[in-house]
Amino acid sequence: MTTNVNPRRRARECAVQAIYSWQVSKNDLSEIEASFMAEQDMKGVDKKYFRELLHGVISHSSELDTKMESFLNERSLDELGFVEHAILRIAVYELLKREDVPYKVVINEAIDLTKTFGAEDSHKFINGVLDKVAPTIRTC
């Protein structure tokens, strides 16, 4: 992870990792959050935004999955990698719940997160899905 970046970008980077951990382990949210806060370098992170993303994505995960499912280009939710699933959930959450974040910023941040954490060229898949999902949630 980079350190000289926007605090919200850092919050998103941390959220991807924490949500990934939740998806893999299915551990209790409070346990994942406490462990993450204790073990990770949270310097420069917008902690309030990190917590909102973590709690919001997990508590709305079924709704977020429903919003994105029909746009996965003939893939099922079960076929998504954990990283890509976490990033899509964060992006769809921001599109739905954070109207103060412009949709282009949501998509660009998701692409950047995928380039950092995802498989090679998976950012193209994320971009394609979000380009289709975004107009169904917001006026783009």
Side-chain angles (χ1 to χ4, degrees):
M1 260 189 302
T2 52
T3 53
N4 283 338
V5 293
N6 178 299
R8 276 208 176 164
R9 161 92 37 109
R10 290 275 294 128
R12 288 181 186 98
E13 290 174 345
C14 292
V16 167
Q17 295 172 81
I19 293 164
Y20 173 93
S21 175
W22 172 76
Q23 291 174 156
V24 171
S25 70
K26 294 295 184 197
N27 288 342
D28 182 69
L29 173 58
S30 58
E31 179 184 319
I32 288 171
E33 181 180 5
S35 172
F36 196 87
M37 298 291 282
E39 296 172 10
Q40 299 297 317
D41 176 11
M42 298 298 286
K43 184 178 182 182
V45 175
D46 180 337
K47 292 176 188 73
K48 182 178 176 188
Y49 202 67
F50 163 74
R51 284 187 182 102
E52 177 187 341
L53 291 175
L54 179 61
H55 288 262
V57 165
I58 290 173
S59 66
H60 293 92
S61 61
S62 293
E63 175 189 5
L64 302 175
D65 288 351
T66 299
K67 290 282 186 195
M68 75 174 86
E69 192 166 24
S70 62
F71 301 101
L72 296 178
N73 303 329
E74 299 180 21
R75 288 168 74 180
S76 70
L77 288 168
D78 293 338
E79 294 174 301
L80 288 178
F82 288 117
V83 171
E84 287 78 13
H85 201 171
I87 291 168
L88 283 170
R89 282 175 162 169
I90 290 169
V92 174
Y93 174 84
E94 286 186 302
L95 288 168
L96 281 169
K97 309 293 185 184
R98 294 302 306 238
E99 291 184 18
D100 60 310
V101 181
Y103 81 93
K104 286 183 179 184
V105 171
V106 172
I107 292 172
N108 288 337
E109 288 291 316
I111 290 167
D112 287 346
L113 288 168
T114 308
K115 287 178 179 178
T116 300
F117 297 108
E120 187 175 340
D121 288 339
S122 62
H123 66 279
K124 295 174 185 175
F125 170 74
I126 297 294
N127 186 36
V129 172
L130 292 177
D131 277 346
K132 294 174 194 161
V133 171
T136 69
I137 296 172
R138 291 203 200 159
T139 303
C140 299

Visitor: Applying salt bridge (charged side-chain N to carboxylate O under 4.0 Å, His left out) to Arg9 and Asp46, what does each step give before you reach the verdict?
Guide: CA-CA 8 Å; Arg9 161 92 37 109; Asp46 180 337; over 6 Å; no
Visitor: Would a 4.5 Å heavy-atom cut-off, applied to side chains only, mark Phe125 and Leu72 as touching?
Guide: yes
Visitor: Regarding Arg98 and Asp100, does a basic nitrogen lie under 4.0 Å from an acidic carboxylate oxygen?
Guide: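 Judged by the 4.0 Å cut-off on N to carboxylate O distance, Arg98 and Asp100 do form a salt bridge.
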Visitor: At their closest point, which heavy atom of Asp41 faces which heavy atom of Val45, and how far apart are they?
Guide: O-CG2, 4.4 Å
Visitor: Say whether, by atom type as modelled, one donor and one acceptor occur between the side chain of Ser122 and the main chain of Gly118 under 3.5 angstrom.
Guide: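 No: the side chain of Ser122 does not pair with the backbone of Gly118.
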Visitor: Quick check: do Ser61 and Ile58 have side-chain heavy atoms less than 4.5 Å from each other?
Guide: no
Visitor: Check the pair Phe71, Thr136 against side-chain contact (heavy atoms from CB on, under 4.5 Å), reporting the backbone distance first and the verdict last.
Guide: CA-CA 11 Å; Phe71 301 101; Thr136 69; 3.6 Å; yes
Visitor: Which is it for Tyr20 and Phe117 under the ring pair (Phe, Tyr, Trp, His ring centres under 6.0 Å) test, yes or no, and what are the steps along the way?
Guide: CA-CA 11 Å; Tyr20 173 93; Phe117 297 108; 9.3 Å; no
Visitor: Is there a side-chain contact (heavy atoms from CB on, under 4.5 Å) between Cys14 and Met42 once you walk through the steps?
Guide: CA-CA 8 Å; Cys14 292; Met42 298 298 286; 4.0 Å; yes
Visitor: Any donor-acceptor pair under 3.5 Å linking the side chain of Glu94 with the backbone of Val106?
Guide: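 Side chain of Glu94 to backbone of Val106, a donor-acceptor pair under 3.5 Å: no, none is there.
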Visitor: Can you confirm whether Glu109 sits close enough to Ile90 that some side-chain heavy atom of one is under 4.5 Å from a side-chain heavy atom of the other?
Guide: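 No. Closest side-chain heavy atoms not under 4.5 Å.
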Visitor: Does some side-chain heavy atom of Leu113 sit less than 4.5 Å from a side-chain heavy atom of Glu13?
Guide: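 Sidechains of Leu113 and Glu13: in contact.
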Visitor: Between Ser21 and Gln17, is there a donor-acceptor pair closer than 3.5 Å when you use the side chain of the first and the backbone of the second?
Guide: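 Not confirmed, Ser21 side chain does not pair with Gln17 backbone.
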Visitor: Got a donor-acceptor contact below 3.5 angstrom from the Glu84 side chain to the Ala119 backbone?
Guide: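 Indeed, once roles are kept as given, a pair shorter than 3.5 Å links the two residues.
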Visitor: Can you check whether Val83 reaches Thr114 side chain to side chain, under 4.5 Å on heavy atoms?
Guide: no
Visitor: I want to check something: taking the side chain as every heavy atom from C-beta on, are Tyr49 and Arg12 in contact at a cut-off of under 4.5 Å?
Guide: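 Result yes, sub-4.5 Å side-chain heavy-atom pair found.
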Visitor: Test of understanding: with side chain to side chain donor-acceptor pair (under 3.5 Å), list the residues that count as partners of Glu31, not counting sequence neighbours.
Guide: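 Testing Glu31 for side chain to side chain donor-acceptor pair (under 3.5 Å), a comparison that skips the adjacent residues, returns Asn27.
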Visitor: So, applying side chain to side chain donor-acceptor pair (under 3.5 Å) with Tyr93, which one of Glu52, His60, Glu63 is it?
Guide: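 Filter result, single survivor: Glu52.
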Visitor: Starting from the C-alpha separation in whole Å, work towards a yes-or-no answer on side-chain hydrogen bond (donor to acceptor under 3.5 Å, both in side chains) for Ser76 and Asp78.
Guide: CA-CA 5 Å; Ser76 70; Asp78 293 338; 4.8 Å; no
Visitor: Any donor-acceptor pair under 3.5 Å linking the side-chain atoms of His123 with those of Asp112?
Guide: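 The answer is no; no qualifying pair exists.
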Visitor: Can you tell me if Arg89 uses its side chain to pair, donor with acceptor, with the backbone of Asp65 under 3.5 Å?
Guide: no
Visitor: Would a 4.5 Å heavy-atom cut-off, applied to side chains only, mark Met37 and Arg51 as touching?
Guide: yes
Visitor: So, for Gln23 and Ala86, which heavy atoms are closest and what is the spacing to 0.1 Å?
Guide: OE1-N, 3.6 Å
Visitor: So, are Glu99 and Arg138 salt-bridged, with charged N and O less than 4.0 Å apart?
Guide: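 Salt bridge between Glu99 and Arg138, a charged N being under 4.0 Å from a carboxylate O: no.
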Visitor: With a 3.5 Å distance limit and no angle check, can you tell me whether Ser35 reaches the backbone of Ile32 through a side-chain donor-acceptor pair?
Guide: no
